[in-house]
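Working notes for the structure below.
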Amino acid sequence: MSNIQITLPDGSTQSVAAETRPIDIAKGISPRLADAAIAAKVNGELFDLTRPLEKDATLQILTAKDPESLEIYRHSTAHLLAAAVLELYPETQLGIGPPIENGFYYDFDRPTPFTPDDLEKIEKKMWEIQARALPYERVLTKKEEGLKKYSEAWMKCQLIDERAGEIFTEYTLGPKFIDFCRGPHIPDTSKIKAFKLLSIAGAYWKGDEKNKQLQRIYGTAFFTPKDLDAYLKQVEEAKKRDHRKLGKELDLFSIQELAGPGLIFFHPKGGIIRKLLEDWMRDQYLARGYSLVYTPHVAKLDLWKTSGHANFYAANMFTPIELDDAEYQLKPMNCPFHILIYADRQRSYRDLPVRLGELGTVYRYERSGTLNGLFRVRGFTQDDAHIFCRPDQVEEEVVNCLQFAIDTLAAYGFEKYDAEISTWDGGASGKYDGVAEQWEFAEGALRRATEKLKINAKVVPDEAAFYGPKIDVKLVDAIGRKWQLSTVQFDFTLPRRFGLEYIADDGKAHQPIMVHRALYGSIERFFGILIEHYAGAFPVWLAPIQAIVLPITDRQAEYGRGIQKQLEAAGIRSTVDERSEKVNLKIRDAQMQKIPYMLVVGDREQESGQVAVRNRKHADQGAKPLADFIADIHKLIESKAVTE
RNA sequence: GCCACCCUAGCUCAGCUGGUAGAGCGGCUGAUUCGUAAUCAGCAGGUCGCCGGUUCAAUCCCGGCGGGUGGCUCCA
């Protein structure tokens, strides 16, 4: 047998017998490396540690430190899950079982659904198999043979049929489990140290609801129990911040069964926050050259036929309302209304850009299963604006929109964000409206705008809306979750459908470029994100109650009321807690309501004419004259500070 | 919409294999007047989501409907 040359990452080379396995080389380097090894990278391709090396190659041994490792490890854990399911329920058919962002899942087809009790049983069985240190073995099978061998396994046949080459790889785990899989995997189950099955869900085969619905088991896995624990704690933390929970506890909003799902009621405390969000946005509109408009909530169905929504958006609209003269449609979008305003008079190139902004409430029929608190609702208000401009103005408009989006994020305390440009498929599928020239022009404008603003934007091909390319901004919240927020989208379709035009300097009519943009996205959703980002402890300028006066005994009640009157006069949202309760209790309640400032007043303060300031985050701040406190809090409010 | 699970006092939840319900918090009343995260006592409060079925008897078992949670799908 001839020797092959293996080059390691440090540049050193070794000559080894062909068919040597990466794990052998790792052992040769150090037993500890062999022990820590998860997989190998051979000429840039991921390899099992036990897959023989056939020719000269560069070799990297992957350990838990390498980013690819966790995915491989989770993928292997998914196989372990499937093997356990097969041992317990041999009649089960296997779907797919990939690693995902925070773990893995495996899809199964079986006549009876899994129960939460099954999850426990399966987990136990997984540990049993884990203890056997079963190897993950790579098997090569011919396509023909495979199809014959698995003729009774319908999902496997489909996968082999669609994806397999002439020879495909399978991985076995113990006597029963074998799966069509590209790999690679960890050497054996003893490497798996920490995992947990999390939930059961229905999922359609290949994600298509026309297909059979399978049973999906979600789980997660980490290299150490400590990491798993940390992850589960983070999930707990996210639960504590759940805006639905906080919305109830802080009395911000509700959804009323009698009124219908997906429809939001803003309570007084949520209402004041909404008012502030709206004011901020309207002020920004006016400061940035937008015009404010107001449009109706319904319009004749004919409008939606002209816009095309009655056709392609029908599934997401409330059904039309029959009146005596015509059918009316609750609006799912603001665009056609803004277009009507644009088209209501003749426009000169000198009038452009026309920027029409509105906080427009729209109603969309979302399937009941997709509704989710404030995040996905059936009635919501978009901070929607449409810009109609000349081609030579496009780039500046896009830059301004993106700058506006970034300023919005900063104003609410979001420091990190991602951007994504969604482009078309080059016209290959024919599913996109407009011509190549338009797409290239618009996509170029988006790209140049991100370069100019030094925004790192990922380009995602074939993800655009059918009517034009777009850029989406995703924020990263306090606990690292990403939320899709702002969007800037070109629209090649509506200007054409409505015959929009302006008279250019050549005296001829031209079609304006139309840009949709929403920065909060939806006020409801943005509110929900804010609740979770701040865990309900809103910045002082947004806090529904900014200060609460806490008299220690009834003797200071009147003094306390006087303080509150002065706060009110200074424009500070405040209350007094006059209950005959201990100050400890009042503080506890105020803390739980996340009120930024508690002004404790006892005999001492009354005599000196001061207030003892307690901050919700920094506790006791000592006594000071009320005027000083008012000056301090005014500074925070005026600067819209996100810390205090 | 589909799959699984859930719905018991205002809130959070307990209630064994069917025998018409409990706690804590909250509310009300009274006592207490207290210095930086829960003072004590008493009282009130529920056709156990709704409709139907099985049963001598249903919060519990079965079916339908409504609402919610986690997913699938979609997106603001």
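Chain identifiers are assigned alphabetically (A, B, ...) following the order of the sequence lines, protein sequences preceding nucleic acid strands; residue numbering begins at 1 within each chain.
Base-pair partner of B:C43: B:G27 (Watson-Crick or G-U wobble, both distances under 3.5 Å). With a cut-off of 3.5 Å on both pairing distances, the Watson-Crick or G-U wobble partner of B:G52 is B:C62. The pairing partner recorded for B:A37 is none, the criterion being a Watson-Crick or G-U wobble arrangement whose two distances lie under 3.5 angstrom.
For a distance-only test at 3.5 Å, the side chain of A:Asp554 qualifies as a donor-acceptor partner of the base of B:U33. Donor-acceptor pairing under 3.5 Å, judged by distance alone, is absent between the side chain of A:Arg216 and the base of B:C3. A donor-acceptor contact under 3.5 Å is not formed by the side chain of A:Arg525 with the base of B:A76. One N or O donor and one acceptor, one from the side chain of A:Tyr204 and one from the base of B:C2, sit under 3.5 Å apart. A donor N or O paired with an acceptor N or O is not found under 3.5 Å between the base of B:C72 and the side-chain atoms of A:Gln213.
Aromatic rings from A:Trp483 and A:Phe375 are positioned such that their centres are separated by under 6.0 Å.
Using atom C1' as the reference point in both B:G63 and B:G27, the two lie 39 Å apart (nearest Å). Nucleotides B:C34 and B:C50 have their C1' atoms positioned 49 Å apart, rounded to a whole Å. Comparing B:C65 with B:U29, their P atoms are spaced 46 Å from each other, to the whole Å. Taking atom C1' on both B:C11 and B:G45, the two are 13 Å apart, rounded to the nearest angstrom. Here, B:G10 and B:C48 have their P atoms 12 Å apart, quoted to the whole Å. Taking the C1' atom of each, B:A23 and B:A14 are spaced 7 Å apart, rounded to whole Å. Going from the P atom of B:C60 to that of B:G53 covers 14 Å, rounded to whole Å. The P atoms of B:U59 and B:C7 are separated by 15 Å, rounded to the nearest whole Å.
Among the protein residues, A:Val377 comes within range of the nucleic acid bases, having at least one heavy atom under 4.0 Å from a base atom. At the heavy-atom level, A:Gln556 lies nowhere under 4.0 Å from the strands shown. Using a 4.0 Å heavy-atom cutoff across all strands shown, A:Gly369 reaches at least one base atom of the nucleic acid. Counting any heavy atom pair closer than 4.0 Å across all strands shown, A:Leu585 reaches sugar-phosphate atoms only and no base atom. Using a 4.0 Å heavy-atom cutoff across all strands shown, A:Glu249 reaches no nucleic acid atom at all. At a threshold of 4.0 angstrom between heavy atoms, the contacts of A:Tyr520 with the nucleic acid are absent. At a threshold of 4.0 angstrom between heavy atoms, the contacts of A:Ala612 include nucleobase atoms, whether or not backbone atoms are also involved. The residue A:Tyr365 sits close only to the backbone: its heavy atoms come under 4.0 Å of sugar-phosphate atoms, none of a base. Within 4.0 Å (heavy atoms only), A:Ile523 reaches no atom of the nucleic acid at all. Backbone-only engagement by A:Arg555 is indicated by non-hydrogen atom pairs under 4.0 Å involving sugar-phosphate atoms exclusively. Residue contacts for A:Arg244: at a heavy-atom cut-off of 4.0 Å it reaches the sugar-phosphate backbone alone, with no base atom in range. In this structure, A:Gln215 reaches the sugar-phosphate backbone alone: every heavy-atom distance under 4.0 Å involves primed, P, OP1 or OP2 atoms, never a base. Here A:Asp620 lies in heavy-atom contact (under 4.0 Å) with a base. In this structure, A:Asn372 reaches the sugar-phosphate backbone alone: every heavy-atom distance under 4.0 Å involves primed, P, OP1 or OP2 atoms, never a base.
With distances taken from any side-chain atom of A:Ile552 to the nucleotides B:A76, B:U32, B:C34, the minimum falls on B:C34. With B:U39, B:G70, B:A37 as the choices, the nucleotide that has an atom nearest any side-chain atom of A:Met592 turns out to be B:A37. Set against B:G71, B:A4, B:A76, the side chain of A:Pro113 has B:A4 as its closest nucleotide.
Using a 4.0 Å cut-off between a side-chain N of Lys or Arg and a carboxylate O of Asp or Glu, A:Asp242 and A:Arg244 qualify as a salt bridge. For A:Glu420 and A:Lys470, the salt-bridge test fails: no basic side-chain N is under 4.0 Å from an acidic carboxylate O. We find that A:Asp384 and A:Arg517 are not joined by a salt bridge, their nearest charged nitrogen and carboxylate oxygen being 4.0 Å or further apart. With respect to the salt-bridge test (charged N to carboxylate O, under 4.0 angstrom), the residues A:Lys240 and A:Glu236 do not qualify.
In summary, the side chains of A:Arg274 and A:Thr381 do present a donor paired with an acceptor at a separation below 3.5 Å, with no hydrogens or angles considered. Under the 3.5 Å distance criterion, with hydrogens and angles disregarded, no donor-acceptor pair is assigned to the side chains of A:Asp109 and A:Gln215.
If you find the closest nucleotide of RNA chain B to A:Arg579 and to A:Gln621, the one lying nearer the 5' end belongs to A:Arg579. For the pair A:Arg614 and A:Gly260, both in contact range of RNA chain B, the more 5′-proximal nearest nucleotide belongs to A:Arg614.
Remark: A:Ser368 is in phosphate contact with B:G1, judged by side-chain N or O atoms under 4.0 Å from OP1 or OP2. Side-chain N/O atoms of A:Lys248 include one lying less than 4.0 angstrom from OP1 or OP2 on B:U12.
Within the 3.5 Å criterion, the main-chain N or O of A:Trp424 finds a donor-acceptor partner in the side chain of A:Glu443.
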